[in-house]
Amino acid sequence: LAKTTQPISMDSYEGQEVNITCSHNNIATNDYITWYQQFPSQGPRFIIQGYKTKVKNEVASLFIPADRKSSTLSLPRVSLSDTAVYYCLVGNYGGSQGNLIFGKGTKLSVKP
Amino acid sequence: GAVVSQHPSRVICKSGTSVKIECRSLDFQATTMFWYRQFPKKSLMLMATSNEGSKATYEQGVEKDKFLINHASLTLSTLTVTSAHPEDSSFYICSARDVGNDEKLFFGSGTQLSVL
(Lines give C-alpha, C1' and ligand atoms only; values in the text may rest on other atoms or scores of the structure.)
Protein backbone atom coordinates (compact mmCIF):
# COMPACT_ATOMS: atom_id res chain seq x y z
CA LEU A 1 0.00 0.00 0.00
CA ALA A 2 1.24 3.44 -0.89
CA LYS A 3 2.66 5.51 1.94
CA THR A 4 1.53 9.10 2.21
CA THR A 5 3.34 12.19 3.44
CA GLN A 6 1.55 15.37 4.48
CA PRO A 7 2.55 18.49 6.40
CA ILE A 8 1.98 17.94 10.11
CA SER A 9 0.16 21.23 10.55
CA MET A 10 -1.08 24.32 8.73
CA ASP A 11 -2.48 27.64 9.86
CA SER A 12 -4.97 29.78 7.99
CA TYR A 13 -7.43 32.61 8.51
CA GLU A 14 -11.13 32.68 7.92
CA GLY A 15 -12.09 33.31 4.32
CA GLN A 16 -8.82 32.11 2.85
CA GLU A 17 -8.35 29.24 0.46
CA VAL A 18 -6.36 26.38 1.93
CA ASN A 19 -4.38 23.89 -0.10
CA ILE A 20 -3.03 20.76 1.53
CA THR A 21 -0.64 18.66 -0.52
CA CYS A 22 -0.02 14.98 -0.02
CA SER A 23 2.85 12.97 -1.50
CA HIS A 24 2.34 9.35 -2.50
CA ASN A 25 5.30 8.45 -4.66
CA ASN A 26 4.63 4.73 -4.88
CA ILE A 27 0.96 4.89 -5.73
CA ALA A 28 -0.22 1.84 -7.65
CA THR A 29 -2.09 1.88 -10.94
CA ASN A 30 -5.40 0.88 -9.40
CA ASP A 31 -5.15 3.05 -6.27
CA TYR A 32 -7.64 5.79 -5.54
CA ILE A 33 -6.86 8.93 -3.51
CA THR A 34 -9.28 9.85 -0.75
CA TRP A 35 -9.35 12.70 1.73
CA TYR A 36 -11.04 12.67 5.12
CA GLN A 37 -11.69 15.26 7.80
CA GLN A 38 -11.68 14.36 11.47
CA PHE A 39 -12.78 16.37 14.47
CA PRO A 40 -11.75 15.34 18.00
CA SER A 41 -13.63 12.33 19.33
CA GLN A 42 -15.42 11.75 16.03
CA GLY A 43 -14.97 9.34 13.16
CA PRO A 44 -13.38 10.60 9.92
CA ARG A 45 -15.75 12.26 7.50
CA PHE A 46 -15.40 11.63 3.77
CA ILE A 47 -14.49 14.77 1.84
CA ILE A 48 -13.53 13.80 -1.68
CA GLN A 49 -12.11 10.97 -3.74
CA GLY A 50 -10.35 10.90 -7.08
CA TYR A 51 -8.21 8.89 -9.42
CA LYS A 52 -6.70 11.45 -11.77
CA THR A 53 -7.00 15.08 -12.97
CA LYS A 54 -9.45 17.20 -11.02
CA VAL A 55 -12.45 16.36 -8.93
CA LYS A 56 -14.79 18.89 -7.37
CA ASN A 57 -17.76 18.67 -5.06
CA GLU A 58 -19.72 21.08 -2.91
CA VAL A 59 -17.07 21.31 -0.19
CA ALA A 60 -13.67 20.83 -1.83
CA SER A 61 -11.59 20.27 -4.93
CA LEU A 62 -8.97 17.63 -5.47
CA PHE A 63 -6.13 18.16 -7.91
CA ILE A 64 -4.12 15.20 -9.10
CA PRO A 65 -1.21 15.64 -11.54
CA ALA A 66 -0.64 13.28 -14.42
CA ASP A 67 1.98 11.20 -12.60
CA ARG A 68 -0.39 10.82 -9.59
CA LYS A 69 2.51 10.94 -7.18
CA SER A 70 0.89 13.74 -5.24
CA SER A 71 -2.49 15.31 -4.73
CA THR A 72 -3.76 18.60 -3.39
CA LEU A 73 -6.92 19.14 -1.41
CA SER A 74 -8.29 22.63 -1.87
CA LEU A 75 -10.74 24.10 0.64
CA PRO A 76 -12.29 27.38 -0.55
CA ARG A 77 -12.92 30.16 1.95
CA VAL A 78 -12.33 28.24 5.16
CA SER A 79 -14.18 29.03 8.36
CA LEU A 80 -13.40 28.35 12.01
CA SER A 81 -15.39 25.13 11.80
CA ASP A 82 -12.90 23.76 9.27
CA THR A 83 -10.32 23.43 12.04
CA ALA A 84 -9.67 19.70 12.03
CA VAL A 85 -7.21 17.00 11.04
CA TYR A 86 -7.18 16.13 7.34
CA TYR A 87 -6.02 12.75 6.15
CA CYS A 88 -4.90 11.77 2.68
CA LEU A 89 -5.29 8.07 1.97
CA VAL A 90 -4.27 5.98 -0.99
CA GLY A 91 -5.51 2.50 -1.58
CA ASN A 92 -7.03 -0.11 -3.81
CA TYR A 93 -10.49 -0.92 -2.63
CA GLY A 94 -11.14 -3.89 -4.83
CA GLY A 95 -12.29 -7.14 -3.31
CA SER A 96 -11.72 -7.97 0.31
CA GLN A 97 -8.09 -6.92 0.36
CA GLY A 98 -8.62 -3.26 -0.20
CA ASN A 99 -8.23 -1.10 2.85
CA LEU A 100 -6.89 2.25 3.86
CA ILE A 101 -3.86 2.89 6.00
CA PHE A 102 -3.92 6.26 7.70
CA GLY A 103 -0.87 8.50 7.77
CA LYS A 104 -0.34 11.15 10.39
CA GLY A 105 -2.63 13.72 8.80
CA THR A 106 -2.48 17.49 8.66
CA LYS A 107 -3.82 19.52 11.53
CA LEU A 108 -5.43 22.63 10.08
CA SER A 109 -6.01 25.54 12.42
CA VAL A 110 -8.26 28.32 11.14
CA LYS A 111 -8.01 31.59 13.00
CA PRO A 112 -10.45 34.52 13.03
CA GLY B 1 -22.76 10.37 1.77
CA ALA B 2 -23.70 6.99 3.12
CA VAL B 3 -24.35 6.58 6.83
CA VAL B 4 -22.51 4.26 9.17
CA SER B 5 -23.92 4.01 12.65
CA GLN B 6 -21.72 2.97 15.56
CA HIS B 7 -22.88 2.22 19.08
CA PRO B 8 -22.29 2.87 21.85
CA SER B 9 -20.54 6.21 21.54
CA ARG B 10 -19.04 5.88 24.99
CA VAL B 11 -18.69 2.99 27.40
CA ILE B 12 -17.08 2.62 30.79
CA CYS B 13 -16.49 -0.85 32.13
CA LYS B 14 -14.67 -2.67 34.85
CA SER B 15 -11.47 -4.54 34.20
CA GLY B 16 -12.12 -8.15 33.20
CA THR B 17 -15.48 -7.55 31.58
CA SER B 18 -16.29 -7.76 27.88
CA VAL B 19 -17.63 -4.95 25.76
CA LYS B 20 -19.41 -5.20 22.40
CA ILE B 21 -19.36 -2.41 19.85
CA GLU B 22 -21.77 -2.43 16.91
CA CYS B 23 -21.23 -0.98 13.47
CA ARG B 24 -24.13 -0.74 11.02
CA SER B 25 -24.34 0.47 7.46
CA LEU B 26 -27.74 2.15 7.37
CA ASP B 27 -28.40 2.76 3.69
CA PHE B 28 -26.11 0.36 1.89
CA GLN B 29 -24.84 -3.17 2.14
CA ALA B 30 -21.26 -3.64 3.21
CA THR B 31 -19.50 -6.89 2.51
CA THR B 32 -16.36 -5.43 4.02
CA MET B 33 -15.98 -3.38 7.16
CA PHE B 34 -12.87 -2.23 8.96
CA TRP B 35 -12.05 -1.63 12.60
CA TYR B 36 -9.59 1.01 13.72
CA ARG B 37 -8.16 2.10 17.02
CA GLN B 38 -7.03 5.62 17.80
CA PHE B 39 -5.08 6.97 20.76
CA PRO B 40 -5.24 10.65 21.75
CA LYS B 41 -3.61 12.97 19.22
CA LYS B 42 -2.55 10.00 17.11
CA SER B 43 -3.67 8.67 13.77
CA LEU B 44 -6.01 5.76 13.24
CA MET B 45 -4.49 2.29 13.32
CA LEU B 46 -6.14 -0.47 11.34
CA MET B 47 -6.93 -3.42 13.58
CA ALA B 48 -8.79 -5.81 11.33
CA THR B 49 -10.78 -6.30 8.17
CA SER B 50 -14.22 -7.77 8.68
CA ASN B 51 -15.70 -9.78 5.82
CA GLU B 52 -19.34 -10.81 5.75
CA GLY B 53 -19.73 -14.53 6.21
CA SER B 54 -16.06 -15.29 6.81
CA LYS B 55 -13.36 -14.82 9.39
CA ALA B 56 -11.86 -11.44 9.98
CA THR B 57 -8.33 -10.65 8.91
CA TYR B 58 -6.26 -9.13 11.70
CA GLU B 59 -3.32 -6.80 11.36
CA GLN B 60 0.00 -7.84 12.79
CA GLY B 61 0.14 -7.44 16.52
CA VAL B 62 -3.62 -7.46 17.06
CA GLU B 63 -4.82 -10.37 19.20
CA LYS B 64 -7.74 -12.07 17.52
CA ASP B 65 -8.85 -13.73 20.76
CA LYS B 66 -8.84 -10.38 22.47
CA PHE B 67 -10.74 -8.48 19.80
CA LEU B 68 -13.50 -10.72 18.47
CA ILE B 69 -15.09 -9.62 15.23
CA ASN B 70 -18.36 -10.90 13.84
CA HIS B 71 -19.80 -9.86 10.49
CA ALA B 72 -22.92 -11.98 10.26
CA SER B 73 -24.93 -9.78 7.93
CA LEU B 74 -24.33 -7.32 5.12
CA THR B 75 -25.15 -4.39 7.36
CA LEU B 76 -23.70 -5.29 10.74
CA SER B 77 -20.25 -5.95 12.14
CA THR B 78 -19.46 -6.20 15.83
CA LEU B 79 -16.23 -5.86 17.75
CA THR B 80 -16.07 -7.45 21.18
CA VAL B 81 -13.23 -6.50 23.47
CA THR B 82 -12.91 -9.52 25.72
CA SER B 83 -11.62 -9.39 29.30
CA ALA B 84 -10.92 -5.72 28.94
CA HIS B 85 -8.02 -4.12 30.78
CA PRO B 86 -7.08 -0.47 31.25
CA GLU B 87 -4.61 -0.64 28.38
CA ASP B 88 -7.53 -1.43 26.06
CA SER B 89 -8.94 2.01 26.76
CA SER B 90 -9.03 3.81 23.45
CA PHE B 91 -11.21 5.29 20.73
CA TYR B 92 -12.49 2.57 18.39
CA ILE B 93 -13.82 3.44 14.96
CA CYS B 94 -15.44 1.29 12.30
CA SER B 95 -15.81 1.90 8.60
CA ALA B 96 -17.77 0.27 5.82
CA ARG B 97 -17.14 0.14 2.11
CA ASP B 98 -20.01 1.20 -0.14
CA VAL B 99 -19.49 -0.92 -3.22
CA GLY B 100 -22.26 0.85 -5.07
CA ASN B 101 -20.66 4.25 -4.52
CA ASP B 102 -17.20 3.85 -6.09
CA GLU B 103 -16.29 1.71 -3.09
CA LYS B 104 -15.94 4.77 -0.91
CA LEU B 105 -15.29 4.16 2.77
CA PHE B 106 -17.60 5.75 5.31
CA PHE B 107 -16.85 5.86 9.00
CA GLY B 108 -18.85 5.50 12.15
CA SER B 109 -18.77 8.15 14.85
CA GLY B 110 -16.47 6.11 17.06
CA THR B 111 -16.67 4.53 20.51
CA GLN B 112 -14.68 5.81 23.45
CA LEU B 113 -13.88 2.84 25.69
CA SER B 114 -12.67 3.46 29.21
CA VAL B 115 -11.66 0.46 31.28
CA LEU B 116 -11.39 1.05 35.01
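Note that this is a predicted model, so its numbers are computed, not measured. Numbered from 1 within each chain, the chains take letters A, B, ... in sequence-line order.
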Worksheet item: Can you get from B:I21 to B:L46 by hopping between Ile, Leu, Val, Met, Phe, Trp and Tyr side chains that sit under 4.5 Å apart?
Response: no
Worksheet item: Does the B:S109 side chain pair with the main chain of A:Q42, one donor and one acceptor, at a distance under 3.5 Å?
Response: no
Worksheet item: Partners of B:F39 by ring pair (Phe, Tyr, Trp, His ring centres under 6.0 Å), sequence neighbours excluded?
Response: none
Worksheet item: Of the non-hydrogen atoms in B:F107 and A:P44, which two are nearest, and what is the gap between them?
Response: CB-O, 3.2 Å
Worksheet item: Can you pull out the residues in residues 65-72 of chain B with any heavy atom less than 4.5 Å from chain A?
Response: none
Worksheet item: Do the side chains of A:L89 and B:V99 join up, straight or via other hydrophobic residues, at under 4.5 Å, putting them in one cluster?
Response: no
Discussion item. Taking every non-hydrogen pair under 4.5 Å, which of B:K41, B:Q38, B:Q112 racks up the most with chain A?
Written reply: B:Q38
Worksheet item: Should A:F63 and A:V18 be regarded as members of a common hydrophobic cluster, given that ILVMFWY residues are connected when their side-chain heavy atoms come within less than 4.5 Å of each other, either directly or indirectly?
Response: no
Worksheet, complete the sentence: Heavy-atom nearest pair, A:Y36 first then B:L105, reads OH-O, 2.8 Å
Practice prompt. For B:R37, check salt bridge (charged side-chain N to carboxylate O under 4.0 Å, His left out) against everything at least two apart and list the hits.
Written response: none
Item to complete: May I ask you to decide if the ring planes of A:F46 and B:F106 are parallel, tilted or perpendicular, using 30° and 60° as cut-offs?
Response: tilted
Worksheet item: Taking all non-hydrogen atoms of both residues, which atom of B:F91 and which atom of A:Q38 are closest, and how far apart?
Response: CE2-NE2, 4.4 Å
Item to complete: Counting only heavy atoms closer than 4.5 Å, note whether B:Q6 contacts chain A via side chain, backbone, both or neither.
Response: neither
Item to complete: Please name the pair of heavy atoms, one in B:L44 and one in A:F102, separated by the smallest distance, quoted to 0.1 Å.
Response: O-CB, 3.6 Å
Discussion item. Within residues 78-86 of chain A, which residues come under 4.5 Å of chain B, heavy atom to heavy atom?
Written reply: none
Practice prompt. Using the rule that two of Ile, Leu, Val, Met, Phe, Trp, Tyr join whenever any of their side-chain heavy atoms come within less than 4.5 Å, decide whether B:Y36 and B:V19 are in one cluster.
Written response: no
Worksheet item: Should B:I93 and B:V115 be regarded as members of a common hydrophobic cluster, given that ILVMFWY residues are connected when their side-chain heavy atoms come within less than 4.5 Å of each other, either directly or indirectly?
Response: no
